[in-house]
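Please read all numbers here as calculations on a predicted model, not as lab measurements.
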Amino acid sequence: MLKGKTIAVVVPAYNEENQIGRVIETMPDYVDRIVIVNDCSSDKTASIVEKYLESDFNDTSIMIKNILNNVKKDTYNYADYIVQEETKKEMKYFKPSKVINRNLEDDRIILINQEKNYGVGRAIARGYKWCKDYGIDCTAVMAGDGQMDPAELESICKPVIEEKIDYVKGNRLIHRSSWLVIPKLRYLGNSILSILTKLASGYWHVSDTQTGYTAISKKGLNSIKLYDIYKSYGCPNDILVKLNIAFCSLREVEIKPVYNIGEKSKMRIFKIIPKIIWLLFKSFFKRLWVKYLFRDFHPLFILYHISFLLILFCIPFGIKIMRLAINGLPANPVTVLAFVFLFISGFQSLLFAMWMDIQDNDRLYKG
């Protein structure tokens with residue numbers, strides 16, 4: 001426990017037989033549960049973890065019970081009871097998996113085997129689900145490849161425990177070694193996706209959106225549909241959008257970039273980035289409609305859409321002007337004026353909408 005609060009770490013693992021032992025053995029003592037989600041590894045990852053279930057690393061003095069039957073229906077807590085019943089039904093939306101442990105309440109290491117390789121996002125979501133059902137106060141995520149320094153876990157969990165921040169992300173890009181240590185292609189890709197994620201998520205001050213070293217509060221876990229988290233490497237971006245829609249607070253803390261410790265990257269950057277960009281495009285409009293129309297109407301909803309329409313309408317005029325210029329012909333003044341008016345009006349509306357978006361979401365960033 002940390003400051004009297006239960007701590008769990010979700011460890012998504014796929015073919016990490018060389019690294020998973022290090023992750024377990026270096027886990028800080030205050031971590032009450034290590035929830036390892038084996039994403040149908042084809043190597044010895046699962047069998048290695050099973051051996052640790054028989055070791056001293058599995059010992060804990062903290063008993064944790066399932067809380068899904070804590071709420072009893074009466075006149076005043078009917079709403080809470082309904083939420084509890086819906087939470088019980090959530091598992092039908094998750095992909096098939098099996099919890100290996102025989103003694104869930106007393107084991108420190110929890111092993112969940114996915115029946116198929118469903119992706120890192122679904123592995124994290126499954127681990128989150130277990131922590132939600134057992135009422136964990138603070139749930140962190142550390143990759144199974146050992147790329148996250150366990151000594152930094154406390155700095156990531158403390159804002160959740162002490163200041164009730166809903167979601168804390170590690171930030172490698174502000175570390176003085178980031179440009180020297182992070183592979184340049186990844187640094188560039190991370191920076192591009194971080195800029196797009198600012199716009200899509202509404203967390204305009206977030207910098208390192210792609211890091212998976214995070215901690216989430218009990219409130220945060222209960223604010224989003226865990227089974228709906230994006231299945232692959234876009235899950236950090238998707239989680240940010242979902243948390244913003246739920247009005248959850250966010251903070252980033254500095255962490256060091258860790259590479260070349262024996263891990264093998266499974267990420268294919270040029271294959272993944274287009275998918276994440278498409279995800280962010282859809283997520284942006286989902287955030288606008290759900291958060292700023294249905295849940296709490298805000299003028300920025302109108303401004304954003306007006307800007308898109310005006311810019312869209314100016315495109316045919318721009319194309320016409322370009323064709324005339326290429327052919328050495330003069331453009332009709334009305335066409336030029338229409339293009340200039342639509343473009344400037346659209347661009348101004350977009351800037352105003354972004355400014356409103358930043359102002360409205362400042363309250364959620366607890367830097």
Problem set entry | Side chain proximity check, V120 to D39, heavy atoms < 4.5 angstrom | no
For this session: Compare all side-chain heavy atoms of V35 with those of C131 and state whether any distance is below 4.5 angstrom.
Result: yes
For this session: Return the minimal non-hydrogen interatomic distance between A123 and V37, and the atom names on each side.
Result: O-CG2, 3.4 Å
Problem set entry | Pairs meeting criterion side chain to side chain donor-acceptor pair (under 3.5 Å) with involvement of residues 284-305, two or more places apart | N244-K291, R287-D357, W289-H305, K291-N361, Y292-D360, Y292-N361, Y304-D357
Exercise. M148, F57: one ILVMFWY side-chain cluster at the under-4.5 Å cut-off?
Worked result: yes
Exercise. Pairs in or reaching into residues 59-72: which pass side chain to side chain donor-acceptor pair (under 3.5 Å), with residues at least two apart or in two chains?
Worked result: N69-K88
Seminar exercise, completed: Here the gap from L53 atom CG to N58 atom CG, rounded to the nearest 0.5 Å, amounts to 5.0 Å
Problem set entry | Residue pair M356 / P299, side-chain heavy-atom distance below 4.5 Å | yes
For this session: Verify the distance criterion only: is there a donor paired with an acceptor across the side chains of S349 and S307 at less than 3.5 Å?
Result: no
Problem set entry | Exceeds 12 heavy-atom contacts within 6.0 angstrom, atom CZ of F284 | yes
Exercise. Is there a side-chain contact between I124 and C235, using heavy atoms and a 4.5 Å cut-off?
Worked result: yes
Problem set entry | Sequence-distant partners of F247, ring-ring contact (aromatic ring centres under 6.0 Å, His included), two or more places apart | none
Problem set entry | Gap between atom NZ of K231 and atom CZ of R122 - 0.5 Å precision | 5.5 Å
Problem set entry | Heavy-atom neighbours of N103 CG exceed 12 at 6.0 Å | yes
For this session: Any pair with a residue in residues 344-367 that passes ring-ring contact (aromatic ring centres under 6.0 Å, His included), sequence neighbours left out, goes on the list, sorted by first then second residue, please.
Result: H205-Y365
For this session: Would you indicate whether the side-chain heavy atoms of N15 and S42 approach each other to under 4.5 Å?
Result: yes
Exercise. Can you hop from I192 to I273 via hydrophobic side chains spaced under 4.5 Å?
Worked result: yes
Problem set entry | Test item: H175 and P257 side chains (from C-beta on) under 4.5 Å apart, heavy atoms | yes
Exercise. Can you pull the side chain to side chain donor-acceptor pair (under 3.5 Å) pairs that have at least one residue in residues 125-134, sequence neighbours excluded?
Worked result: E90-K129, E90-K132, S97-R126, K129-D133
Problem set entry | Distance (rounded to the nearest 0.5 Å) between N171 CG and K256 NZ | 13.5 Å
Exercise. CG/L329 to CG/L324 distance, rounded to the nearest 0.5 angstrom?
Worked result: 5.5 Å
Problem set entry | Same cluster (ILVMFWY, side-chain, under 4.5 Å), L342 and L303 | yes
For this session: Tell me whether F294 is reachable from L300 by hopping between hydrophobic residues (I, L, V, M, F, W, Y) whose side-chain heavy atoms are closer than 4.5 Å.
Result: yes
Exercise. Any side-chain heavy atom of K169 sitting closer than 4.5 Å to one from D208?
Worked result: no
Problem set entry | Co-members of the apolar cluster containing I245 [side chain, <4.5 Å] | V241, V290
Exercise. Do L243 and L250 have side chains that get closer than 4.5 Å, going by heavy atoms?
Worked result: no
Exercise. Using the ring of each side chain (for Trp, its six-membered ring), is F281 parallel, tilted or perpendicular to F285, with breaks at 30° and 60°?
Worked result: perpendicular
For this session: First locate atom OH of Y203, then atom SG of C248, and finally report the distance between them rounded to the nearest 0.5 Å.
Result: 5.5 Å
Problem set entry | Matching residue for V11 among L111, I109, I36, D145 - test: side-chain contact (heavy atoms from CB on, under 4.5 Å) | I36
Exercise. Does anything in residues 76-115 pair up under ring-ring contact (aromatic ring centres under 6.0 Å, His included), and if so which pairs, sequence neighbours excluded?
Worked result: Y93-Y227
Seminar exercise, completed: Contacts of I195 meeting side-chain contact (heavy atoms from CB on, under 4.5 Å) (sequence neighbours excluded), chain-then-number -> none
Problem set entry | Non-neighbouring partners of I326 that pass side-chain contact (heavy atoms from CB on, under 4.5 Å), sequence neighbours left out | none
Exercise. Side chain to side chain donor-acceptor pair (under 3.5 Å) with Q210: which residues, sequence neighbours excluded?
Worked result: N237
Exercise. Crowded around M322 CE? As in, over 12 foreign heavy atoms under 6.0 Å?
Worked result: no
For this session: Could you pull out the closest heavy-atom pair between S207 and L173, with the gap in Å?
Result: O-CD1, 3.6 Å
Exercise. Do Q147 and Y213 have a side chain donor and acceptor closer than 3.5 Å?
Worked result: no
Exercise. Just how far is it from atom CD1 of I7 to atom CD1 of I161, taken to the nearest 0.5 Å?
Worked result: 4.0 Å
Exercise. When clusters are formed from ILVMFWY side-chain contacts under 4.5 Å, directly or step by step, what else is grouped with Y230?
Worked result: L279
Problem set entry | With P96 via side-chain contact (heavy atoms from CB on, under 4.5 Å) - residues at least two apart | E115, Y118
Seminar exercise, completed: Paired with D137, the salt bridge (Lys or Arg N to Asp or Glu O under 4.0 Å) test is passed by just one of K3, R33, K5, K218, namely K218
Exercise. Is atom NZ of K184 surrounded by more than 12 heavy atoms (other residues, nucleotides or ligands) closer than 6.0 Å?
Worked result: yes
For this session: Answer with yes or no whether the hydrophobic clustering places V253 together with Y30; edges join I, L, V, M, F, W, Y residues whose side-chain heavy atoms lie under 4.5 Å apart.
Result: yes
Seminar exercise, completed: For A331 and I321, the nearest pair of non-hydrogen atoms, with its separation, is CB-CG1, 4.4 Å
